[in-house]
Amino acid sequence: MRHELYSELRTVYEATSQNPRTFRITIKLKDMVDETVLQDAVRKTMERYPYFRVRLGMDEKDVFFEDNPTPTPVLHTDGPIMLGGYETQSHLLAFCWWKNKVHIDVWHALTDGGGMYHLLQTFLYHYCSKYYGRELSTTGIWFAGDEVRQEEWDDPARKPLSLDPSLLVNKWHDRAFQIGEGGIARVGKRCIVYNIRIPEDEFMRFNLSKEGSPGTVVALFLSRAIASLHPHTADPVAIALCVNQRRALGAPLAHQSLVGDARLVFRERMKAMSFAAQETCFRGMVAIQTDIDMVRREVQEYQELVEVLKSLPTHEARHAHCKQLAHKKSLMFTATVSYVGKAPLGDAEFYVQEFHALPSTALPSCKTPITLELSAVNGSFYVNFMQFFEEDDYLRAFIGQLRENDINYDVLYQEQTKYPGFVCPWTEE
């Protein structure tokens, strides 16, 4: 079945070999992976999600998804793989395993972290129930044979949206400080990730004491860290905080990639405020920018972009247009923070040691060489601190914020990122 793309178009045309628009979810289990059990769990899981068993197709006019009849790949590797090509039989989602880790590699045009949660629940139910021979709760789990509801297929970005224009504000209106231009570290081509673990109960108590939330508190830690290293910048530090748009669009079951941004600007006048007052400012910015009318206006702007893309004569022209827009927007923020909430893994969470998500967004080509991805599982928060430089100045400044606020932490390890690549169809890249 051929599926015409809509909400996916921007990501499709932004992708390059250097900036593949992919992400890797890593589930570190308590025991070593059994390949036979894993393959059976993947097969049963993917029978439930037909919209993830696809490949990218193209003709002279359109790009589209079409059914991929080959099995979803299960590869024995810890390294990065290439989605959309021979290695994965053109699949845009693949499973990898290594020792006690399972990686799920995804092209971001297919879905986002929020869109993956039901698949993760289904997969872990099948894998853990068979591996450990236990009856796990089926509450909330989607199984093959269940009805695949129309709401899962429907793209909410296509729908006409009503909103109150008097409630709108312009969040993308000035430049932000650019680490790639004025930073103290040398931006390179290799992305390193430091994994930081924080006790969940302790971190949540701190959040409540400041009337904050995990995403905004981590964004504030990062803003204060960068500002401490650059106290006199002409442009302010600004964090792009990723936002799930499904609530505002009334589409909780939609599988598409539906991620927007809240722009959190750490302005000069905020620096003299207490941490709690700064957090209140950030929470206010999020409240305004995630208002239903604001999100719907952002989607309307995307609908206008789709019309522009459809008017362009070639795929290469659309690709160039989206790359230019992405570059322009990247100048409006300094770094990215993403947290889509604690993964609801059900009874299988007991068997999970760590849970991580690594997106391919911390890229020097976008002038945003720092991305923090926040996740939570089994009593711990994990902060994946991704950076495109060898020096650890910004990491140390961020850790300094944890110490200053008496938050316990462990730096578990440091390694080169292994998010997947993508076989880009644009010949110029």
Side-chain angles (χ1 to χ4, degrees), residues 23-54 67-68 71-74 91-97 100-106 110-154 156 200-201 204 244 246-247 250-258 339-357 375-382:
F23 63 95
R24 161 170 278 192
I25 292 173
T26 294
I27 302 168
K28 187 176 181 181
L29 300 164
K30 289 185 176 181
D31 294 286
M32 303 296 277
V33 171
D34 183 308
E35 184 177 17
T36 301
V37 175
L38 175 64
Q39 289 177 334
D40 185 62
V42 170
R43 178 184 59 79
K44 291 177 178 177
T45 296
M46 298 309 295
E47 286 176 358
R48 173 55 182 79
Y49 299 93
Y51 38 78
F52 291 149
R53 304 195 311 266
V54 296
D67 293 339
N68 192 330
T72 300
V74 178
H91 278 278
L92 308 177
L93 183 153
F95 288 76
C96 300
W97 67 279
N100 64 333
K101 294 184 292 186
V102 176
H103 306 297
I104 306 175
D105 292 333
V106 189
L110 190 63
T111 190
D112 55 26
M116 284 290 293
Y117 274 171
H118 282 291
L119 183 147
L120 293 174
Q121 288 177 316
T122 305
F123 164 70
L124 283 171
Y125 172 86
H126 285 306
Y127 182 84
C128 293
S129 60
K130 185 168 184 177
Y131 187 100
Y132 294 101
R134 287 194 55 192
E135 290 287 337
L136 304 183
S137 172
T138 60
T139 301
I141 309 294
W142 295 0
F143 293 103
D146 294 344
E147 177 189 5
V148 181
R149 287 152 289 196
Q150 192 61 42
E151 292 89 341
E152 296 176 53
W153 285 102
D154 290 345
E200 181 180 4
D201 56 353
M204 290 309 299
N244 187 338
R246 289 174 177 81
R247 180 186 66 85
L253 302 183
H255 79 271
Q256 292 83 5
S257 183
L258 297 166
Y339 175 55
V340 293
K342 183 176 179 178
L345 304 181
D347 286 355
E349 182 175 359
F350 177 78
Y351 303 106
V352 176
Q353 282 193 52
E354 299 175 18
F355 181 91
H356 307 290
S375 58
V377 70
N378 247 342
S380 295
F381 275 96
Y382 295 93

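Just so we're clear, the structure is a prediction, and the values are computed from it rather than from any experiment.
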Using a 4.5 Å cut-off on heavy atoms from C-beta on, say whether the side chain of [Y] contacts that of [X].
X	Y	value
L93	Y49	no
L29	V352	yes
K28	Y382	no
K342	E200	yes
V377	E349	yes
Y132	F350	no

Taking all heavy atoms of [X] and all of [Y], pick out the closest pair and write down the distance.
X	Y	answer
L124	A348	CB-CB, 3.7 Å
S129	L136	N-CD1, 3.8 Å
G113	F23	N-CZ, 4.2 Å
D154	A254	O-CB, 4.1 Å
Y131	M32	OH-O, 2.9 Å
G140	Q121	O-OE1, 3.6 Å

- Task: Walk me through it: do L38 and F123 pass the test side-chain contact (heavy atoms from CB on, under 4.5 Å)?
- Result: CA-CA 9 Å; L38 175 64; F123 164 70; 3.5 Å; yes
- Taking the six-membered ring for Trp and the single ring otherwise, decide whether the centroids of Y127 and Y351 are under 6.0 Å apart. no
- What pairs with Y51 under ring pair (Phe, Tyr, Trp, His ring centres under 6.0 Å), at least two apart in sequence or on another chain? W153, H255
- Message: Looking at R43, I want to see if its CZ is surrounded by more than 12 non-hydrogen atoms of other residues, nucleotides or ligands under 6.0 Å.
- Response: yes
- Should we count CZ of F143 as having more than 12 external heavy atoms under 6.0 Å? yes
- So D112 and R246, side-chain contact (heavy atoms from CB on, under 4.5 Å) or not? Walk me through it. CA-CA 11 Å; D112 55 26; R246 289 174 177 81; 2.9 Å; yes
- What do the steps show when you test R149 against W142 for side-chain contact (heavy atoms from CB on, under 4.5 Å), and what is the final call? CA-CA 11 Å; R149 287 152 289 196; W142 295 0; 3.0 Å; yes
Could you tell me the separation between the [atom1] atom of [X] and the [atom2] atom of [Y], rounded to the nearest 0.5 Å?
X	Y	atom1	atom2	result
I141	D347	CD1	CG	8.0 Å
T111	L119	OG1	CG	9.0 Å
D34	Q39	CG	CD	9.5 Å
T26	K101	OG1	NZ	6.5 Å
L110	R53	CG	CZ	12.0 Å
L253	Q150	CG	CD	11.5 Å

- Query: Of all residues at least two apart in sequence or in a different chain, which pass the side chain to side chain donor-acceptor pair (under 3.5 Å) check with Y117?
  - Reply: none
- Query: Step by step, would you call V148 with R48 a side-chain contact (heavy atoms from CB on, under 4.5 Å)?
  - Reply: CA-CA 8 Å; V148 181; R48 173 55 182 79; 3.5 Å; yes
